[in-house]
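Worth saying up front: this structure is predicted, and the values here are computed from it rather than measured. Here is how names work: the chains are called A, B, and so on, in the same order as the sequence lines, proteins then strands, and each is numbered from 1.
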2 protein chains.
Amino acid sequence: MTAPRAEIARAEVMCRERGVRLTDQRRRVLEILCAAGRPVGAYEIMDAMREGPRVVAPPTVYRALEFLLEQGLIHKIESLHAFVGCDHPEHPHSSEFLICLECGDVAELKDDAVERSLASVTRESGFLPRRRVVEVMGICARCARKEECARKEEADRVRGLVD
Amino acid sequence: MTAPRAEIARAEVMCRERGVRLTDQRRRVLEILCAAGRPVGAYEIMDAMREGPRVVAPPTVYRALEFLLEQGLIHKIESLHAFVGCDHPEHPHSSEFLICLECGDVAELKDDAVERSLASVTRESGFLPRRRVVEVMGICARCARKEECARKEEADRVRGLVD
DNA sequence: GGACGACATGATATCTTATAACGTGCCGAC
DNA sequence: GTCGGCACGTTATAAGATATCATGTCGTCC
């Protein structure tokens with residue numbers, strides 16, 4: 001995860017170049033997402049935005065999210081109804097995710113083999129793609145290792161009892 | 001779209017073979033989805049199920065949907081919060097969809113190049129996939145042709161006015 | 001045949017996610 | 001200075017999903 005600071009700075013530059021405004025609300029939402037480094041739901045973002053007596057209603061959050069999505073600064077994870085900061089917003093790209101069912105961690109794929117194969121399939125059928133949603137749920141390498149260890153220990157334990 | 005009848009018959013056989021029960025409610029939901037031939041939301045299904053004074057509550061629908069998903073008889077389209085009957089439930093498969101933003105039509109991809117490239121990417125990173133969500137939104141071939149025609153006619157019209 | 005257990009459904013309430021609709025304030029262009 | 005566009009505030013509500021507990025159905029084992 002890049003430091004939120006750096007991400008915000010990048011976003012500022014990009015917005016200025018494009019002549020769009022990264023307002024306080026929008027920046028705040030982006031900060032929250034970048035700081036979290038994991039998928040965050042709209043209502044959770046809303047809660048994070050209310051510091052003190054400040055009231056923030058759903059439309060405010062959703063508007064900011066819509067803007068950030070349009071600018072490619074964040075992504076929506078459809079299968080989680082949640083949002084994440086984009087790892088590399090500087091060049092437009094596909095958004096493909098590996099989502100760990102165990103720890104909730106989300107990795108953004110950089111590989112474009114998937115993208116290419118999808119492109120060729122759609123082209124063949126005369127379909128004009130606009131937006132792609134590619135999300136793979138499963139167990140991340142780290143959790144898989146952990147589970148493997150746990151299984152081994154369990155086996156050892158049982159063997160010990162039997163012996 | 002296969003005739004709903006045929007789909008239901010297939011489902012009956014599959015469930016019997018697996019020793020699970022395709023109950024009335026479950027069959028009804030499957031029928032509705034197959035007959036629609038397009039993505040249908042849970043609440044729309046619920047409405048379709050209430051014929052006459054019959055009351056059907058959300059959990060009933062969701063339970064039936066859960067069962068049908070488990071059995072691979074239907075798919076969920078995450079980006080639409082809707083469900084569709086599966087085109088070829090007889091063999092387990094990936095579910096990849098082309099969703100037309102214009103006419104709402106959904107095509108289930110049969111190609112497995114996408115599947116393979118996704119599999120290789122995940123394998124490399126040690127990720128163990130469980131469920132894949134691949135949904136491409138865009139304009140289907142038919143709507144693209146229609147738009148093309150409309151554009152041409154418009155151009156002709158304008159030329160006519162200018163000449 | 002009757003008791004039991006597993007599974008399926010009914011019913012109520014509630015939670016989460018998302019959007020509609022309308023009003024206000026800021027700011028730059030002309 | 002006013003007009004128009006954009007961002008935001010505010011209220012209400014739509015749309016999607018689940019928790020919880022009660023009831024019913026059906027096969028099986030005795």
Side-chain angles (χ1 to χ4, degrees), chain A residues 11-12 15-16 18-30 32-33 36 39-71 73-84 104 131 133 135 137, chain B residues 11-12 15-16 18-30 32-33 36 39-71 73-84 104 131 133 135 137:
Chain A
E12 296 269 20
C15 287
R16 208 169 320 129
R18 293 176 191 172
V20 296
R21 294 166 55 195
L22 186 64
T23 62
D24 283 356
Q25 302 273 34
R26 292 165 178 174
R27 187 184 306 106
R28 189 89 190 82
V29 170
L30 184 57
I32 290 167
L33 284 177
V40 183
Y43 279 69
E44 199 182 335
I45 293 172
M46 203 174 74
D47 290 340
M49 286 176 83
R50 310 192 217 247
E51 307 207 322
R54 185 136 188 58
V55 180
V56 179
T60 302
V61 179
Y62 280 102
R63 283 192 284 237
L65 288 169
E66 190 185 357
F67 171 86
L68 296 170
L69 283 170
E70 273 167 9
Q71 299 303 321
L73 294 168
I74 66 171
H75 294 295
K76 176 167 190 180
I77 315 260
E78 292 289 350
S79 51
L80 297 179
H81 304 289
F83 305 81
V84 284
R131 182 189 165 213
V133 174
E135 300 168 7
M137 274 90 114
Chain B
E12 296 269 21
C15 287
R16 207 168 323 126
R18 294 177 191 172
V20 296
R21 293 165 56 195
L22 187 63
T23 62
D24 283 357
Q25 303 272 35
R26 293 166 177 174
R27 186 184 305 104
R28 189 89 190 80
V29 170
L30 184 57
I32 290 168
L33 283 178
V40 184
Y43 279 68
E44 200 181 335
I45 293 172
M46 202 175 74
D47 290 340
M49 287 176 83
R50 311 191 216 248
E51 306 207 324
R54 187 135 186 60
V55 180
V56 179
T60 301
V61 179
Y62 280 102
R63 283 193 283 237
L65 288 170
E66 190 185 356
F67 171 86
L68 296 169
L69 283 170
E70 273 167 9
Q71 299 303 320
L73 295 167
I74 64 172
H75 295 295
K76 176 167 191 180
I77 314 259
E78 292 289 347
S79 51
L80 297 179
H81 305 287
F83 304 82
V84 285
R131 182 188 165 215
V133 173
E135 300 168 7
M137 274 90 117

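- In this structure, B:Leu68 and B:Leu22 have side chains that are in contact, with non-hydrogen atoms separated by less than 4.5 Å.
- For the salt bridge (charged side-chain N to carboxylate O under 4.0 Å, His left out) test, residues two or more places apart in sequence or in another chain that qualify with B:Glu78 are B:Arg131.
- The shortest side-chain heavy-atom distance between B:Leu65 and B:Leu33 falls under the 4.5 Å cut-off.
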Restricting both atoms to N or O, compile the protein contacts to nucleotides 28-30 of chain C shorter than 3.5 Å, with distance only.
none

At under 4.0 Å between heavy atoms, how does the protein contact nucleotides 8-17 of chain C? Give one character per nucleotide, 5' to 3', with B, S or -. SBBBB----B

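- When side chains are defined from C-beta on, B:His81 counts as touching A:His81, because their heavy atoms get closer than 4.5 Å.
- Residues A:Val20 and A:Phe67 are in side-chain contact: their nearest non-hydrogen atoms beyond the backbone lie under 4.5 Å apart.
- One distance of note links CE of B:Met49 with CG of B:Asp47; it measures 11.0 Å at 0.5 Å rounding.
- Read 5' to 3', the first and last nucleotides of DNA chain D with an atom closer than 4.0 Å to a heavy atom of chain A are D:dA7 to D:dT11.
- Looking only at side-chain heavy atoms (C-beta outward), B:Val29 and B:Phe83 stay at 4.5 Å or farther from each other.
- The shortest heavy-atom contact between B:Leu30 and B:Leu73 is CD1-O, 4.1 Å.
- Residues passing the salt bridge (charged side-chain N to carboxylate O under 4.0 Å, His left out) test with A:Arg28 are A:Glu31, A:Glu51, sequence neighbours excluded.
- Sorted by first then second residue, the salt bridge (Lys or Arg N to Asp or Glu O under 4.0 Å) pairs that include residues 57-66 of chain A, not counting sequence neighbours, number zero.
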